[in-house]
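Computed over heavy atoms, backbone and side chain alike; hydrogens, waters and symmetry mates excluded. Order of listing sets the numbers, starting from 1, for every ligand and every atom in it.
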Amino acid sequence: MRRMIIAGNWKMYKTLEETLVFFDELSSWEKDFRHENQILIFPPNLYTMSCLEKTRGNDIDIGVQNIYFKDFGAYTGEISPPMLTSIGCKYALVGHSERRHIFAENDEEINRKILSLLKHKKHIVFCVGEKENEREDGYTEQVLTNQLRYGLGDVGEKDMQQITIAYEPVWAIGTGKTATPEIAQDAHAFIRNWLKDNYSSHVANKARILYGGSVKVANCEGLLIQPDIDGALIGGASLKINDFIEIIKKGEEVANRKDQ
Ligand code: PGA
């Protein structure tokens with residue numbers, strides 16, 4: 001049984017004050033809520049230390065939304081994996097579609113980031129996903145194959161323990177157009193199969209593959225119950241404390257059902 005993850009990607013939202021209020025509420029609620037699933041939040045990088053502080057003693061993990069692959073140097077505006085180590089942060093998001101499409105990050109850069117994070121023993125949530133025209137033209141599997149092949153270049157079998165994959169179809173991100181559970185399940189099964197063919201059955205069975213793209217309270221159950229969906233990466237709905245808590249609760253119910 002794979003431990004499911006309910007993850008929030010806050011993107012560039014919330015002031016520090018709003019962030020602290022959210023974590024006060026989440027932390028005090030979480031203390032009394034027994035959960036098997038992992039809870040992981042990627043707030044804006046600027047607030048990482050405050051969020052780590054706020055969640056000390058809780059079973060809530062905090063990660064950064066982006067890093068640069070070099071350890072140190074003259075790279076104005078960037079942060080690095082050794083800096084994460086120095087503040088006790090273990091998680092990073094890599095390859096999000098907004099990084100790929102707004103900031104023109106390519107597979108090679110994404111791969112460098114992954115290798116650098118692995119060198120520093122971080123856990124990575126690696127995002128892949130096709131654009132709308134790519135799906136319409138029948139290229140979904142080709143796009144996923146390329147993103148996986150180049151993004152995971154030189155990543156060894158053992159390193160795969162540190163990597164969670166997030167399937168996020170670009171046409172579903174922030175659009176309200178969620179992939180149907182069937183479409184998402186098909187893509188997840190395709191990714192798991194790719195892992196089997198390119199690594200091993202062991203890696204494929206262990207790998208956690210999250211779905212992201214307009215996940216909400218109303219649709220999370222149908223997605224999470226799919227056999228190859230091991231959790232969610234949630235943007236908009238993770239900003240609202242009540243919605244995020246509801247999704248965590250539903251995730252717990254689904255995990256119990258899957259366990260039986
Ligand atoms: P969304 O974002 O849930 O707002 O669609 C998901 C993401 O970008 O990770």
Undergrad: Between T175 and ligand 1, is there a nitrogen or oxygen pair with a distance under 3.5 Å?
TA: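 Between T175 and ligand 1, no N or O pair is found under 3.5 Å apart.
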Undergrad: Pull out every atom of ligand 1 sitting under 4.0 Å from any heavy atom of G213, numbered as shown with elements.
TA: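 Those atoms are 5 (O).
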Undergrad: For the CD atom on E18, are there more than 12 heavy atoms of other groups (residues, nucleotides or ligands in this structure) within a distance under 6.0 Å?
TA: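 For E18, atom CD is crowded (more than 12 foreign heavy atoms under 6.0 Å).
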Undergrad: Show which atoms of ligand 1 fall inside a sub-4.0 Å distance from at least one heavy-atom site of S214.
TA: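 Matching atoms, with element in brackets: 1 (P), 3 (O), 5 (O).
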Undergrad: Which residue and atom name correspond to the protein heavy atom nearest atom 4 (O) of ligand 1, and how close is it?
TA: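 Answer, as residue, atom name and distance: G236 N, 2.9 Å.
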Undergrad: Report yes or no: does a heavy atom of H96 sit under 4.0 Å from some atom of ligand 1?
TA: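 A heavy atom of H96 does come that close to ligand 1.
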Undergrad: Does the residue A172 have a heavy-atom contact with ligand 1, meaning some pair of atoms that are separated by less than 4.0 Å?
TA: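 Yes.
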Undergrad: Which atoms of ligand 1 are found less than 4.0 Å from any heavy atom of K11?
TA: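 Near K11, the atoms of ligand 1 are 2 (O), 7 (C), 8 (O).
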Undergrad: Please list all pairs passing the salt bridge (Lys or Arg N to Asp or Glu O under 4.0 Å) test where one or both residues lie in residues 152-173, with sequence neighbours left out.
TA: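 Qualifying pairs: none.
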Undergrad: Who gets closest to atom 5 (O) of ligand 1 by heavy atom: G8, G235, G174?
TA: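 Of the listed residues, G174 has the closest heavy atom.
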Undergrad: Who are the ring pair (Phe, Tyr, Trp, His ring centres under 6.0 Å) partners of F190, not counting sequence neighbours?
TA: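 Once residues adjacent in sequence are excluded, F190 has no partner under the ring pair (Phe, Tyr, Trp, His ring centres under 6.0 Å) criterion.
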Undergrad: Can you establish whether the number of heavy atoms outside M1 located under 6.0 Å from its atom CE is more than 12?
TA: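 More than 12 heavy atoms, drawn from other residues, nucleotides or ligands, come within 6.0 Å of this atom.
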Undergrad: Which one holds for I173 and ligand 1: side chain close, backbone close, both close, or neither close, with close meaning a heavy atom under 4.0 Å?
TA: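 For I173, the contact with ligand 1 is made by both the backbone and the side chain.
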Undergrad: Under a plain distance cut-off of 3.5 Å, with no hydrogens placed, do S97 and K131 share a side-chain donor-acceptor pair?
TA: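 Their side chains do not contain a donor-acceptor pair, so the 3.5 Å distance test is not met.
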Undergrad: Looking at atom 9 (O) of ligand 1, what's its closest protein heavy atom, distance included?
TA: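 Result: E168 OE2, 2.7 Å.
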Undergrad: Under 6.0 Å from the ring centre and within 45 degrees of the ring axis: does the NZ or CZ of K14 meet both conditions for the six-membered ring of W10?
TA: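 Geometry flag: set, cation within 6.0 Å and 45°.
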Undergrad: What I want to check is whether the side chains of Q162 and Y91 have a donor and an acceptor closer together than 3.5 Å.
TA: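 No, no side-chain donor-acceptor pair sits under 3.5 Å.
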